Q: 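My questions will all concern the structure given below.
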Amino acid sequence: MSIIIKGGTVVTAEGERRADVLVVGEQVAAVGTGLDAPAGSRTIDAGGAYVIPGGIDPHTHMELPFMGTVASEDFFSGTSAAAAGGTTMIIDFVIPAPKESLVEAYKKWRGWATKAAADYSFHVAVTWWDESVRADMETLTREHGVNSFKHFMAYKNAIMVDDGVLISSFMRAKELGALCTVHAENGELVFRLQQEVFDKGITGPEGHPLSRPPEVEAEAANRAIRIAEVLGVPLYVVHTSCSNAMDAIARAKSEGQRVFGEVLAQHLVIDDSVYQNTDWDKAAAHVMSPPFRSREHQAALWRGLQGGILQTTATDHCCFCTPQKRGGAGNAAVSDFRKIPNGTGGIEDRMSVLWHHGVRTGRLTPSEFVAVTSTNTARIFNVHPRKGTIAPGSDADIVVWDPAKTRTISAKTHHQKVDTNIYEGMTVTGNAAVTLSRGRVLWENGKLTTEPGWGKYIDRPCHADFAYAQDLRNKAAEPRGVQRKLPSST
Ligand code: URP
Ligand code: ZN
Ligand code: ZN
């Protein structure tokens with residue numbers, strides 16, 4: 001089956017031009033004007049619209065077992081909702097329990113994901129350390145296409161790692177050419193502050209941000225960055241939520257270090273007043289880590305995204321319905337903000353929220369929008385040019401983006417499997433009109449046509465040029481420079 005997308009403006013990270021796109025089978029066959037489509041091709045009219053690469057969300061948690069419950073969105077419902085919003089690939093997280101084999105956990109997550117409606121890949125979290133973890137990291141990179149490992153510096157007594165584990169894992173990742181990522185919050189400080197806030201009698205959701213101030217995030221971001229600097233490994237900081245942490249990234253970048261920053265769409269447009277809502281459920285629906293911040297931080301994050309300090313946008317899509325958020329704490333007598341499952345949704349809304357608040361306000365050009373919603377992620381995590389662009393040979397993950405289509409976001413109408421929406425009532429202009437995943441229509445005329453199992457697992461090889469450019473620099477410098485040899489990771 002061939003498809004020709006006619007009359008649109010094709011936007012890539014490099015620029016935009018009026019062109020048609022010919023899709024044959026699962027791939028883009030040609031981009032240009034006056035293309036001949038094979039007989040029997042379907043024509044999609046993109047007149048007045050942009051034609052953009054499908055969004056890639058590098059940070060999701062479908063059906064994650066977390067804080068005593070399981071995230072409500074599964075791989076089918078989540079990738080379907082993603083498609084409705086113009087996202088065609090996710091990178092989710094395998095999070096082994098401490099002492100659980102990384103490879104076994106990976107296989108478990110792969111099993112859950114077989115129902116995905118769009119393509120997916122996995123980061124794997126290192127939540128503990130011994131020789132078997134070291135060996136599993138190699139198995140995952142060599143045999144299972146994993147090229148990124150996640151480290152939680154928070155969630156004490158659960159999945160948090162100390163500096164010893166962080167260092168062992170960073171060193172191992174370097175040997176393998178994999179990318180280290182961190183959830184940067186000082187978990188020890190969070191633990192103490194939670195106790196202090198709770199003991200003062202602040203037990204509701206408003207206690208959550210008080211226990212996780214920006215300094216707690218900045219300390220961890222800076223520590224991870226400096227550890228990465230000493231070890232000479234590239235680093236990716238997930239969900240950067242405040243100027244303090246962003247400053248640490250900016251400083252490292254200005255010193256020539258390979259550090260990438262991710263920002264969540266919700267941190268750009270929602271502020272911390274949500275925790276003052278007198279409706280416990282509404283405030284609890286916003287409990288996520290790092291928490292929502294003040295407007296000054298939002299403004300700084302936008303500038304960071306515009307200026308390239310932050311290169312990717314994600315959702316950290318991790319949904320919990322109201323009964324889950326209550327978790328026995330929904331009435332004042334037993335309220336304990338420490339027990340509210342952390343997480344919010346938004347996979348369906350990321351692209352339109354960023355278009356509306358980013359492109360329509362003039363903060364981002366359409367090309368910059370494409371860069372921060374797909375291309376940069378594809379490059380950093382090494383799936384470019386298969387994903388994150390529209391070019392001959394790339395997967396036909398394509399969105400016909402209608403810049404004039406308006407919708408008001410609501411849990412009543414969204415496709416996400418969660419009973420609240422953090423953007424409830426926000427009207428956004430700029431939405432996906434048609435979404436294609438490897439040439440198959442997943443969303444059209446306001447209707448989903450997704451099918452469980454259409455999504456494919458995407459291998460991501462190590463030694464990504466984008467992340468490991470320093471390898472190239474080191475090689476170039478070899479005849480002149482002194483090469484510092486690090487001890488092995490054992
Ligand atoms: O609150 C959040 N972000 N929940 C999901 C787990 C994580 O920290 O990424
Ligand atoms: Zn996190
Ligand atoms: Zn997360």
Side-chain angles (χ1 to χ4, degrees), residues 57-73 78 82 90-97 109 120-127 148-161 166 180-187 190-191 194 205 207-209 211-212 214 216-218 220-221 224 235-242 245 260-268 270 272 274-275 283-293 310 312-321 324-325 327 337-347 350 377 381 416 418 420 422:
D57 189 336
H59 188 157
T60 68
H61 301 282
M62 304 302 169
E63 51 194 283
L64 173 70
F66 191 52
M67 294 184 73
T69 185
V70 177
S72 57
E73 190 85 272
I90 60 169
I91 313 182
D92 204 273
F93 291 83
V94 172
I95 307 184
W109 257 264
Y120 56 95
S121 198
F122 285 113
H123 314 278
V124 177
V126 172
T127 51
S148 49
F149 292 97
K150 170 78 174 282
H151 307 81
F152 288 92
M153 299 171 81
Y155 304 124
K156 182 174 157 77
N157 297 328
I159 50 178
M160 179 176 111
V161 290
L166 204 69
C180 296
T181 78
V182 285
H183 168 131
E185 284 184 305
N186 183 317
V190 170
F191 187 74
Q194 282 180 326
H208 179 70
S211 67
R212 310 180 97 103
V216 160
E217 183 181 341
L235 183 70
Y236 179 96
V237 183
V238 308
H239 51 41
T240 309
S241 75
C242 59
F260 307 104
E262 171 192 279
V263 64
L264 307 183
Q266 61 266 43
H267 279 140
L268 290 164
I270 297 173
D272 54 1
V274 292
Y275 298 116
H286 292 86
V287 167
M288 66 162 304
S289 296
F292 293 98
R293 306 293 192 191
L310 306 171
T312 63
T313 57
T315 59
D316 198 358
H317 188 79
C318 187
C319 297
F320 298 105
C321 294
Q324 294 177 289
K325 287 280 184 180
F337 66 85
R338 298 170 297 185
K339 299 201 172 107
I340 302 170
N342 285 203
T344 56
I347 199 163
R350 176 182 66 128
T377 291
F381 292 105
Q416 301 173 141
V418 60
T420 57
I422 49 171

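Small disclaimer: the values here were computed from a predicted structure and weren't measured. Start at 1 and go down the list; that is how both ligands and their atoms are numbered.
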Q: Which atoms form the tightest heavy-atom contact between Pro290 and Glu185, and what is the distance?
A: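 Distance-wise, the nearest heavy atoms are CA-OE2, 3.6 Å.
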Q: How is the N/O/S atom of His183 that comes nearest to the Zn ion (ligand 2) named?
A: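 Restricting His183 to its N, O and S atoms, the minimum distance to the Zn ion (ligand 2) goes to ND1.
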Q: Which is the closest N/O/S atom of Asp316 when seen from the Zn ion (ligand 3)?
A: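 The closest N, O or S atom of Asp316 to the Zn ion (ligand 3) is OD1.
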Q: Check His183 against ligand 1 and report side chain, backbone, both or neither, counting heavy atoms closer than 4.0 Å.
A: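 Within the 4.0 Å criterion, His183 contacts ligand 1 through side-chain atoms alone.
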Q: Looking only at protein heavy atoms, which one is nearest to atom 3 (N) of ligand 1, and what is the separation?
A: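 The closest heavy atom on the protein side is Asp316 OD2, 2.6 Å.
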Q: Contact between Val238 and Lys150 at the side-chain level, heavy atoms closer than 4.5 Å - yes or no?
A: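 When only atoms from C-beta onward are counted, Lys150 and Val238 do touch, with a gap below 4.5 Å.
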Q: Do the two ring centres, one from Phe292 and one from His286, sit under 6.0 Å apart?
A: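 Here the rings of His286 and Phe292 have centres that are less than 6.0 Å from each other.
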Q: Just wondering, is there an N, O or S atom on His59 that's nearer than 2.8 Å to the Zn ion (ligand 2)?
A: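 Not a single backbone or side-chain N, O or S atom of His59 is under 2.8 Å from the Zn ion (ligand 2).
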Q: Could you tell me how the ring of Tyr236 sits relative to the ring of Phe260: parallel (under 30°), tilted (30 to 60°) or perpendicular (over 60°)?
A: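 Taking Phe260 first and then Tyr236, their aromatic rings sit tilted (interplane angle of 30° to 60°).
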Q: In His239, the N, O or S atom nearest to the Zn ion (ligand 2) is which?
A: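 The nearest such atom is NE2.
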Q: Kindly give the heavy-atom pair with the smallest separation between His267 and Thr240, and that separation in Å.
A: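 That would be ND1-O, 4.4 Å.
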Q: Backbone N or O of Met288 within a donor-acceptor pair of the His208 side chain at under 3.5 Å?
A: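 Flag set: sc His208 to bb Met288 pair under 3.5 Å.
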Q: Nearest heavy-atom pair of Ala125 and Ile95: which atoms, and what distance?
A: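 The pair with the smallest heavy-atom distance is CB-CA, 4.1 Å.
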Q: Can you say whether the rings of Phe152 and His183 are parallel (under 30°), tilted (30 to 60°) or perpendicular (over 60°)?
A: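 The arrangement is tilted - the two ring planes meet at 30° to 60°.
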Q: Can you name the atoms of ligand 1, numbered from 1 with element, that are less than 4.0 Å from a heavy atom of Met288?
A: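 Every atom of ligand 1 under 4.0 Å from some heavy atom of Met288: 1 (O).
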Q: Which bit of Asn342 is near ligand 1, meaning a heavy atom under 4.0 Å away: side chain, backbone, both or neither?
A: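 Within the 4.0 Å criterion, Asn342 contacts ligand 1 through backbone and side-chain atoms alike.
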Q: Taking the Zn ion (ligand 3) as the reference point, name the nearest N/O/S atom of His61.
A: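 That would be atom NE2.
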Q: Heavy atoms only: which of Pro291, Ala154, Ala71, Ser289 is nearest to atom 1 (O) of ligand 1?
A: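 The nearest heavy atom belongs to Ser289.
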Q: For ligand 1, is Tyr155 a contact, meaning one of its heavy atoms is under 4.0 Å away?
A: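 A heavy atom of Tyr155 does come that close to ligand 1.
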